[in-house]
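In what follows, every chain begins at residue 1, and chains take the letters A, B, ... in the order their sequences are listed. Only a predicted model underlies this, so the values are computations on that prediction, with no experimental measurement involved.
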There are 2 protein chains.
Amino acid sequence: MAQGTQGKGAATPTLWDRTRQLAAQEILQTALRLFTQQGYEETTIAQIAREAGVSQRTLFRYFGTKEDLIGGSEERFVTLLTETVREQPVDADAWEALRAAFKAALSLHATPEEALERFRLVHHTDSLRAAYLGKRVRCQEELLPLLEARLAASGTNRGQARAIVATAFACFDAATATWLDGNGQGDILDLYDQGLAAVRS
Amino acid sequence: MAQGTQGKGAATPTLWDRTRQLAAQEILQTALRLFTQQGYEETTIAQIAREAGVSQRTLFRYFGTKEDLIGGSEERFVTLLTETVREQPVDADAWEALRAAFKAALSLHATPEEALERFRLVHHTDSLRAAYLGKRVRCQEELLPLLEARLAASGTNRGQARAIVATAFACFDAATATWLDGNGQGDILDLYDQGLAAVRS
DNA sequence: GCCCGAGTGGCAGTGACTGCCAAGACTCCT
DNA sequence: AGGAGTCTTGGCAGTCACTGCCACTCGGGC
């Protein structure tokens with residue numbers, strides 16, 4: 001499905017898929033525009049489809065749910081985090097690895113302004129926030145086995161590893177919330193460090 | 001709406017409201033039974049209403065959403081947590097206050113078996129888990145101002161307070177997940193303590 | 001020219017949820 | 001007791017996200 005016809009490799013962007021890419025882009029932009037203009041709940045799939053020039057049916061083939069129109073497919077997010085963690089040097093502990101992963105995740109956003117707008121939208125829409133949190137815990141579960149390896153040495157058990165991962169994500173969310181409170185002032189990663197410092201006495 | 005006609009006080013359970021109570025109870029039990037029997041997604045509102053002997057419309061008047069049929073209204077939960085935090089002695093720090101609140105929350109479940117079943121259901125159903133997480137962050141936001149008072153003394157700023165609250169809840173969730181992994185072995189609060197200990201070095 | 005496979009659109013259907021209106025149940029007042 | 005006013009309930013129709021099905025179209029290989 002994600003692959004081209006033969007999946008020959010990297011050498012076949014197929015000229016077909018390029019059109020698909022473009023259509024997806026168009027839908028995404030239209031959706032984001034309408035969401036920020038009139039709010040998430042107030043925007044219907046029908047409207048997005050109409051303004052993007054595709055049928056509802058096609059829109060749902062590109063993006064499985066309305067929530068997927070914000071923040072993109074979670075796959076990309078998850079793989080970025082797991083890859084980053086995997087790439088960390090072996091002598092880096094779990095906390096450092098997680099921090100690096102968050103840093104990488106933040107770099108996904110084109111500009112701070114765009115990130116601010118998107119975060120605000122997610123944060124202020126109950127259903128979107130719930131969906132985001134769901135993705136987040138799925139992320140945590142993916143990351144857990146990777147980090148357990150780094151923690152096993154120091155006699156940390158599975159439950160404790162889970163608590164550590166959960167805490168890192170919680171502090172990241174807290175940092176994001178605080179950053180939103182201040183209308184994008186300062187650096188999220190700094191806020192994360194401050195929060196974690198307070199937690200760890 | 002929640003109050004009787006005149007709201008005369010505690011002496012008027014109105015005999016009317018008692019019927020309401022009973023109906024709500026009936027619906028709740030029916031829903032929980034069907035959910036555990038055939039799964040959450042596979043159970044329709046129509047079926048619950050039919051088997052509970054009320055109309056769909058009435059069911060939605062008692063419980064605003066399908067998710068509310070599990071874990072009850074978040075109000076009760078939130079007030080229990082906030083009340084407990086407020087009741088903590090002034091010399092208790094934020095961590096102790098939060099721990100006490102979690103302990104109180106756990107005591108809401110009739111039996112560990114019932115809690116296990118319910119947790120499993122929520123944990124294994126994406127939409128339910130998302131809804132739970134949404135309620136959870138709303139809880140955190142309610143608790144934040146209460147705990148800020150206890151933290152202000154030690155030079156903790158707002159962002160850090162948020163991180164601390166978020167961490168406590170994250171560790172509580174992690175403890176619950178671990179408890180579920182072990183099919184209800186051990187005590188959730190113990191697991192919470194262990195997780196938090198690992199986090200705080 | 002013909003077929004083939006993939007992408008698309010339309011249509012009907014499901015399920016959660018809401019607004020509206022009429023009928024019944026209970027309370028209060030006279 | 002009788003009637004007015006209020007609260008609760010049920011049914012109905014409608015909205016919206018989402019899915020399955022089928023027919024159409026488009027580009028490429030024979």
Side-chain angles (χ1 to χ4, degrees), chain A residues 1-8 12-27 30-31 34-35 38-70 73 125-128 130-131 134, chain B residues 1-9 11-27 30-31 34-35 38-70 73 125-128 130-131 134:
Chain A
M1 157 202 277
Q3 289 297 29
T5 343
Q6 304 298 80
K8 197 66 168 292
T12 322
T14 334
L15 163 76
W16 235 99
D17 297 335
R18 231 143 346 137
T19 324
R20 269 179 77 76
Q21 275 303 71
L22 220 73
Q25 211 70 7
E26 172 69 21
I27 295 174
T30 310
L34 291 174
F35 287 161
Q38 15 169 300
Y40 177 78
E41 310 278 8
E42 290 70 31
T43 306
T44 71
I45 293 286
Q47 189 183 10
I48 300 170
R50 206 181 322 122
E51 301 210 10
V54 295
S55 71
Q56 290 192 36
R57 199 65 194 79
T58 304
L59 193 153
F60 276 118
R61 268 193 275 261
Y62 279 76
F63 307 92
T65 70
K66 190 180 178 185
E67 281 132 8
D68 286 349
L69 291 168
I70 281 277
S73 73
T125 311
D126 276 1
S127 57
L128 276 181
Chain B
M1 162 200 276
Q3 289 297 30
T5 345
Q6 305 298 79
K8 196 67 167 294
T12 323
T14 334
L15 164 76
W16 233 96
D17 297 337
R18 224 130 8 120
T19 324
R20 268 179 78 77
Q21 276 301 73
L22 222 72
Q25 211 70 7
E26 172 69 21
I27 295 173
T30 310
L34 291 174
F35 288 161
Q38 16 168 301
Y40 178 78
E41 310 279 8
E42 289 69 31
T43 306
T44 71
I45 292 285
Q47 188 184 9
I48 300 171
R50 204 180 323 123
E51 302 210 8
V54 295
S55 71
Q56 291 192 38
R57 200 65 194 78
T58 304
L59 193 153
F60 275 118
R61 267 193 277 259
Y62 278 76
F63 307 92
T65 69
K66 189 179 179 186
E67 281 131 8
D68 286 349
L69 291 168
I70 281 279
S73 75
T125 311
D126 277 0
S127 57
L128 277 181

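- Residues A:Ile45 and B:Ala23 both approach DNA chain D. Their nearest nucleotides, taken by heavy-atom distance, put B:Ala23 toward the 5′ side.
- Regarding B:Phe63, its CZ atom lies at a distance of 13 Å from the P atom of C:dC17, rounded to whole Å.
- The minimum heavy-atom distance between B:Gln56 and B:Ala49, with the atom names listed, is N-CB, 3.9 Å.
- Map A:Leu59 and B:Gly64 each onto its nearest nucleotide of DNA chain C; the residue landing nearer the 5' end is A:Leu59.
- Residue pairs that meet the salt bridge (charged side-chain N to carboxylate O under 4.0 Å, His left out) test with at least one member in residues 44-68 of chain B, sequence neighbours left out, are B:Arg33-B:Glu51, B:Asp68-B:Lys135.
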Find every protein N or O atom lying less than 3.5 Å from an N or O atom of nucleotides 11-15 of chain D, and list the pairs.
unit_1	atom_1	unit_2	atom_2	d
D:dG11	O6	B:Arg57	NE	3.4

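- In this structure, A:Ser127 reaches neither bases nor backbone, as no heavy-atom distance under 4.0 Å exists between it and the strands shown.
- Rounded to whole Å, the distance from CD on A:Gln21 to C1' on C:dG7 is 15 Å.
- Distances shown here put a side-chain N or O of A:Tyr62 below 4.0 Å from the OP1 or OP2 atom of C:dT8.
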Any chance you could lay out the side chain to side chain contact (heavy atoms under 4.5 Å, CB included) test for B:Leu69 and B:Phe35, step after step, and finish with the verdict?
-> CA-CA 10 Å; B:Leu69 291 168; B:Phe35 288 161; 4.1 Å; yes
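- B:Gln47 is linked by a side chain to side chain donor-acceptor pair (under 3.5 Å) to nothing, counting only residues two or more places apart in sequence or in another chain.
- In this structure, the nucleotide among C:dA16, D:dT8, D:dC18 sitting nearest to the side chain of B:Phe60 is C:dA16.
- Here the C1' atom of nucleotide C:dC26 and the CZ atom of B:Arg20 are 13 Å apart, to the nearest Å.
- Qualifying side chain to side chain donor-acceptor pair (under 3.5 Å) partners for B:Thr125, counting only residues two or more places apart in sequence or in other chains: none.
- Judged as a side chain to side chain donor-acceptor pair (under 3.5 Å), and not counting sequence neighbours, the contacts of A:Ser55 are A:Thr58.
- Computed from coordinates, the B:Lys66 NZ to D:dA17 C1' distance equals 14 Å when rounded to whole Å.
- In this structure, A:Glu26 places its CD atom 19 Å from P of C:dG7, rounding to the nearest Å.
- In this view, B:Ala24 and B:Tyr62, B:Phe63 satisfy the side chain to side chain contact (heavy atoms under 4.5 Å, CB included) rule, not counting sequence neighbours.
- A:Glu41 places its CD atom 12 Å from the P atom of C:dC17, with the value rounded to the nearest Å.
- When rounded to the nearest whole Å, the span between CD of B:Gln47 and C1' of C:dA16 equals 15 Å.
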